[in-house]
Number of protein chains: 2
Amino acid sequence: MKPEVIQDIVLASVKVACSDCNLRELCMPVGFNLEDMQKLDEVVATRRRIAQGEMLFRSGEAFTSIYAVRTGFFKTCVSSEDGREQVTGFQMAGEIIGLDGIVSDHHNCNAIALEDAEVCVMPFSNVEELSREFPVLQRHVHKVMSREIVRENSVMMLLGNMRAEERLAAFLLNLVQRLHARGLSQSELVLRMSREEIGSYLGLKLETVSRAFSKFGEEGIIEVKQRYVRIIEPEALKKIFKAQLDY
Amino acid sequence: MKPEVIQDIVLASVKVACSDCNLRELCMPVGFNLEDMQKLDEVVATRRRIAQGEMLFRSGEAFTSIYAVRTGFFKTCVSSEDGREQVTGFQMAGEIIGLDGIVSDHHNCNAIALEDAEVCVMPFSNVEELSREFPVLQRHVHKVMSREIVRENSVMMLLGNMRAEERLAAFLLNLVQRLHARGLSQSELVLRMSREEIGSYLGLKLETVSRAFSKFGEEGIIEVKQRYVRIIEPEALKKIFKAQLDY
DNA sequence: AACTATCTTTGACAAATATCAAACGCATGC
DNA sequence: GCATGCGTTTGATATTTGTCAAAGATAGTT
């Protein structure tokens, strides 16, 4: 715990202000006047850096805060008694991690950085307190949680009804869409996760994921070179993923 | 719309008070004094009856309220463009339906009564307003949403990592556990849903579900007669479902 | 540059589940 | 009582994905 405290002090000395953050529109409510925004800066207590491969929190740990990803890329996963692991999500800049911990006051999954990352630490008591004061923040928090519920509904559709190639097409389209919303290319990406992690998320073995990638490559729909992917024919991907839901 | 309005009037004339409801401990926060509780009665605007097979709400419909099941049994499901359907959950007395609608102000799934049912209609603006006034209600709402996120994480584990018999064992154990919490038997139940609906929830075809039921029956773990199920060896079910998560 | 560890790709084969088809059971209405 | 319809069970077969194994690619290290 000691090293974290020291690190927090270092980071807190850097200006920590939502009102001044370029990710504001991704993780804060819109339609906010400047005064409100400045009061809202109080939700974020500190920032925290997480090295690649390190855990932001682990299952069973006491829940105190939710986290907004500032930079880097995370995965969340649950594991069963007998050691099987299920990746439940991948999170990028502007997305919120840790909502699973509210119900039992303990985290219910592991959050692991897939590359060096920085998060804004938002003690949940701050969030609740300010939510009572600012209806627009309250509504925003509810929307964030509801969005997560809807996303998981879509994943259930994917896992329950789609075959391997449909799952991968859906996955790729979702990823580039989110990257594009962050100002990155809508046709090129570098995957931050392994075939095995993709497979875990999609309910497939890594070999099946690899084969689907190769098939798309052979068909000229995408260009794949290990973790680099270029989407050549987005329409073909969308056609494969007919079972498209809006998430 | 007319018939519903008339029905609402009829139902509202019956006493609608959370403070007086025998499901209170399931769907309202605990540790509430009586005065607070009486103010909280305002969250529920009306009650509404839904006949078997009817929809409480449908995907795309404007979101105004969340619903607490008072009696009866529901399923929620999403459907894809090409008509595939995925059951995302089954809800019984005391459980909350409709949280999916908050993010986009439109419902994102269909909620269908599997038997004649009655729900408490809680306009979400009431919920938010009273949440600002009562921190204990605010916390409760957050916990309900977080619980749904955690439940869906477990379903992802089930769909992504478990085979047919494990899925069915997990499903049966979860059902009886919830029924038992409502004062019903922990060994006997009558399924409210068809094999096809179970299959949709579990990512299996109805024939596979039926075969798994038969297998459990042959092994003496359960007794099955159509929709009647008696669990003879709960420990055997738990052993099959090693990948047990606490949901 | 060579070595190592890790991730990825590909092939051959096995296992699980889906599909198709038919029979069965139970409730409903005539 | 019998016919009808819907849901369930069971069997035979097809398809998809998983498993096991080996080779290829990449990045980091010495």
Side-chain angles (χ1 to χ4, degrees), chain A residues 51-53 73 75 84-87 112 114-116 158-172 189-219 222-230 240 243, chain B residues 52-53 73 75 82-87 112 114-116 158-172 189-219 222-229 240 243:
Chain A
Q52 179 169 27
F73 203 92
K75 70 170 177 182
R84 282 181 279 191
E85 231 182 53
Q86 173 70 37
V87 171
I112 297 165
L114 295 180
E115 58 182 2
D116 291 352
L158 183 141
L159 293 172
N161 271 300
M162 292 162 62
R163 35 263 277 328
E165 288 172 29
E166 295 178 289
R167 295 184 201 191
L168 186 62
F171 173 73
L172 289 174
L189 69 158
V190 175
L191 298 168
R192 253 70 223 212
M193 69 296 278
S194 68
R195 298 289 186 263
E196 187 168 14
E197 287 162 333
I198 296 173
S200 173
Y201 184 61
L202 299 180
L204 301 168
K205 292 296 162 187
L206 69 93
E207 295 93 332
T208 307
V209 174
S210 179
R211 279 184 239 273
F213 268 118
S214 300
K215 178 119 184 290
F216 289 169
E218 285 160 23
E219 291 170 345
I222 63 175
E223 184 194 333
V224 205
K225 220 182 211 170
Q226 307 280 120
R227 296 197 177 186
Y228 166 84
V229 178
R230 184 166 64 90
I240 290 165
Chain B
Q52 180 169 25
F73 203 92
K75 70 170 178 182
D82 61 344
R84 283 182 278 190
E85 231 183 52
Q86 173 71 37
V87 171
I112 297 165
L114 295 179
E115 58 182 2
D116 290 350
L158 183 142
L159 292 172
N161 272 299
M162 293 162 60
R163 26 259 261 353
E165 287 171 30
E166 295 179 289
R167 295 184 201 191
L168 186 62
F171 173 74
L172 288 174
L189 69 158
V190 175
L191 298 169
R192 254 67 224 212
M193 69 295 278
S194 68
R195 298 288 186 265
E196 187 168 15
E197 286 162 334
I198 296 172
S200 173
Y201 184 61
L202 299 180
L204 301 168
K205 292 297 163 187
L206 68 95
E207 295 94 330
T208 306
V209 174
S210 178
R211 280 184 239 273
F213 267 118
S214 300
K215 179 123 183 288
F216 288 168
E218 284 159 24
E219 291 170 345
I222 63 175
E223 184 194 333
V224 205
K225 219 181 213 171
Q226 306 281 119
R227 296 199 175 183
Y228 167 84
V229 177
I240 291 166

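First the proteins, then the strands, lettered A, B, ... as listed; each starts at 1. Please read these numbers as outputs of a predicted model, since none were measured by experiment.
Residue B:L159 holds its CG atom at 5.5 Å from CZ of B:R167, rounded to the nearest 0.5 Å. The CG atom of A:L172 lies 5.0 Å from the CZ atom of A:F213; values are rounded to the nearest 0.5 Å. Atom CZ in B:F171 sits 4.5 Å away from atom CD1 in B:I198 (nearest 0.5 Å). Atom CG of B:L191 sits about 10.5 Å away from atom CD of B:Q226, to the nearest 0.5 Å. Atom CZ of A:R163 and atom OG1 of A:T208 lie 13.0 Å apart (nearest 0.5 Å).
Partners of B:E223 by side chain to side chain donor-acceptor pair (under 3.5 Å), not counting sequence neighbours, listed by chain and number: B:R230. By the side-chain contact (heavy atoms from CB on, under 4.5 Å) test, A:A212 pairs with A:E165, A:L168, sequence neighbours left out. Shown here are the salt bridge (Lys or Arg N to Asp or Glu O under 4.0 Å) partners of A:E115, two or more places apart in sequence or in another chain: A:R192. Scanning for salt bridge (Lys or Arg N to Asp or Glu O under 4.0 Å) contacts around B:E219 gives B:K215, with sequence neighbours left out.
C:dT8 atom P lies 15 Å from atom CG of A:L204, rounded to whole Å. One atom, CZ of B:R167, and another, C1' of C:dA16, lie 10 Å apart when rounded to the nearest Å.
With B:S200 contributing its side chain and B:E85 its backbone, the two residues share a donor-acceptor pair below 3.5 Å. Counting only distance, with no hydrogens or angles, the side chain of A:D116 and the backbone of A:Q52 share a donor-acceptor pair below 3.5 Å.
Within the 4.0 angstrom heavy-atom criterion, only backbone atoms of the sugar-phosphate kind lie near B:G203; the bases stay farther away.
First and last contacts of DNA chain D with chain A, using any nucleotide atom under 4.0 Å from a protein heavy atom and ordered 5' to 3', fall at D:dT16 to D:dT26.
Within the structure, salt bridge (charged side-chain N to carboxylate O under 4.0 Å, His left out) pairs that include any residue of residues 195-212 of chain A comprise A:K75-A:E197 (at least two apart or interchain).
When the C1' atoms of four end pairs are superposed on the next four at each end of the helix from C:dA1-D:dT30 to C:dC30-D:dG1, using five pairs per end, the two resulting axes differ in direction by 30°, to 10°.
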For this session: Take nucleotides 10-15 of chain C nucleotide by nucleotide from the 5' end and write B, S or -, depending on whether a protein heavy atom sits under 4.0 Å from the base, only from the sugar-phosphate, or from neither.
Result: BBB---
For nucleotides 3-7 of chain C, give me every protein contact, N/O to N/O, under 3.5 Å, one pair per line with atom names.
none

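Checking B:I240, B:V229, B:V224 one by one against B:F216, the side-chain contact (heavy atoms from CB on, under 4.5 Å) holds for a single residue, B:I240.
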